[in-house]
Amino acid sequence: MEELFIQQVYQVVRLIPEGKISTYGAIAKAVGYPNHSRQVGHAMGVCPKDVPAHRVISSSGKLSVPSFRERLEKENVVVQDNWKIKDFKKLFWDPLNEI
DNA sequence: TGTATGACGTCAG
DNA sequence: CCTGACGCCATAC
C-alpha cells in the first residue's frame, strides 16, 4: 500500500473537529481513492496517537470499535446501545466540504 | 497463482 | 433493526 495514501488519510482525520465524526468511505474519497474504505480502516488500526481515530466510523453511523465509546462520550457524542451515534447526520463532518 | 481475511459500503429481504 | 450477499482492494499465507 502506498505510503502517500496513509499519510494523506492521517492528515484528513486530524482535521476532524472535536465532537464531530466522519466515515471510512468519506475519508477514502477525500484522498482520491473512492473504493478504499477498508484500507482506511487498516490505516486507523496502525495510526499514531495524535490521530483521532475514534472520530471515524462506518457509513451506517455505528462504531466499528466499541471501545471508542468512552472517548466519544468525553467529546459529548452520544452512543446508543446498538453502537450507533445519535444524530449521526448532524455530527457528520464531510472532508470534501473542507478541502 | 489461489484463497482467506479485514476498524468498509450498498442494497435487498 | 438485523442479516446476508456482493463488490471492493491490499495483505498474509
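Below, read A as the first sequence line, B as the second, and so on, with proteins coming before strands; counting in each chain starts at 1. This structure is a prediction, so every number in the text was calculated from the model and none was measured.
Where Ser37(A) and His42(A) meet DNA chain C, the nucleotide closest to each residue was compared, and Ser37(A) sits on the side nearer the 5' end.
As a whole-Å value, the separation of Phe92(A) CZ from dG9(B) P is 10 Å. Rounded to an integer number of Å, the gap from CD1 of Ile57(A) to C1' of dG9(B) is 13 Å. Remark: P of dC8(C) and CG of Asn35(A) are 7 Å apart, rounded to the nearest angstrom. Rounding to whole angstrom units, CZ of residue Phe5(A) and C1' of dC8(C) are separated by 12 Å. Taking atom CZ of Arg71(A) as the reference point, atom P of dA7(B) lies 17 Å away to the nearest angstrom. Atoms CZ (Arg38(A)) and P (dC8(C)) sit 12 Å apart, rounded to a whole Å. dC1(C) atom P lies 12 Å from atom CG of Asp81(A), rounded to whole Å. Here the C1' atom of nucleotide dT5(B) and the CD atom of Gln39(A) are 12 Å apart, to the nearest Å.
Taking atom P on both dA7(B) and dC13(C), the two are 15 Å apart, rounded to the nearest angstrom. Nucleotides dG6(B) and dG7(C) have their C1' atoms positioned 15 Å apart, rounded to a whole Å. Using atom C1' as the reference point in both dA12(C) and dT1(B), the two lie 14 Å apart (nearest Å).
Side-chain atoms of Ser22(A) come within 3.5 Å of backbone atoms of Trp93(A) as a donor-acceptor pair (strictly under, hydrogens ignored). At distances below 3.5 Å, at least one donor-acceptor pair connects side-chain atoms of Arg69(A) with backbone N or O atoms of Val79(A).
Distance check: Lys74(A) NZ to Glu18(A) CD gives 11.0 Å after rounding to the nearest 0.5 Å. The CD1 atom of Ile57(A) sits 3.5 Å away from the CD1 atom of Ile21(A) when rounded to the nearest 0.5 Å.
Among the protein residues, Ala53(A) comes within range of the nucleic acid bases, having at least one heavy atom under 4.0 Å from a base atom. The residue Gly25(A) sits close only to the backbone: its heavy atoms come under 4.0 Å of sugar-phosphate atoms, none of a base. If you check every strand for non-hydrogen atoms under 4.0 Å, Tyr33(A) touches nothing.
The side chain of Asn82(A) approaches dC1(C) more closely than any other nucleotide in the set dC1(C), dC8(C), dA7(B). Closest to the Met44(A) side chain, of the nucleotides dC9(C), dG9(B), dA7(B), is dA7(B). Listed candidates were dA7(B), dC9(C), dG9(B). Nearest to the side chain of Val65(A) is dA7(B). With distances taken from any side-chain atom of Lys84(A) to the nucleotides dA10(C), dG9(B), dC1(C), the minimum falls on dC1(C). With dA7(B), dG9(B), dC8(C) as the choices, the nucleotide that has an atom nearest any side-chain atom of Phe68(A) turns out to be dA7(B).
Partner of Tyr33(A) under the side-chain hydrogen bond (donor to acceptor under 3.5 Å, both in side chains) criterion, chosen from Gln8(A), Glu2(A), Gln39(A): Glu2(A).
A close approach under 4.0 Å does occur between a side-chain nitrogen or oxygen of Ser59(A) and OP1 or OP2 of dT10(B). The side chain of Ser64(A) places an N or O atom within less than 4.0 Å of a non-bridging phosphate oxygen (OP1 or OP2) of dC8(B). Contact check, Lys62(A) against dC2(C): no side-chain N or O comes under 4.0 Å of OP1 or OP2.
Looking only at side-chain heavy atoms (C-beta outward), Arg14(A) and Asp50(A) come within less than 4.5 Å of each other.
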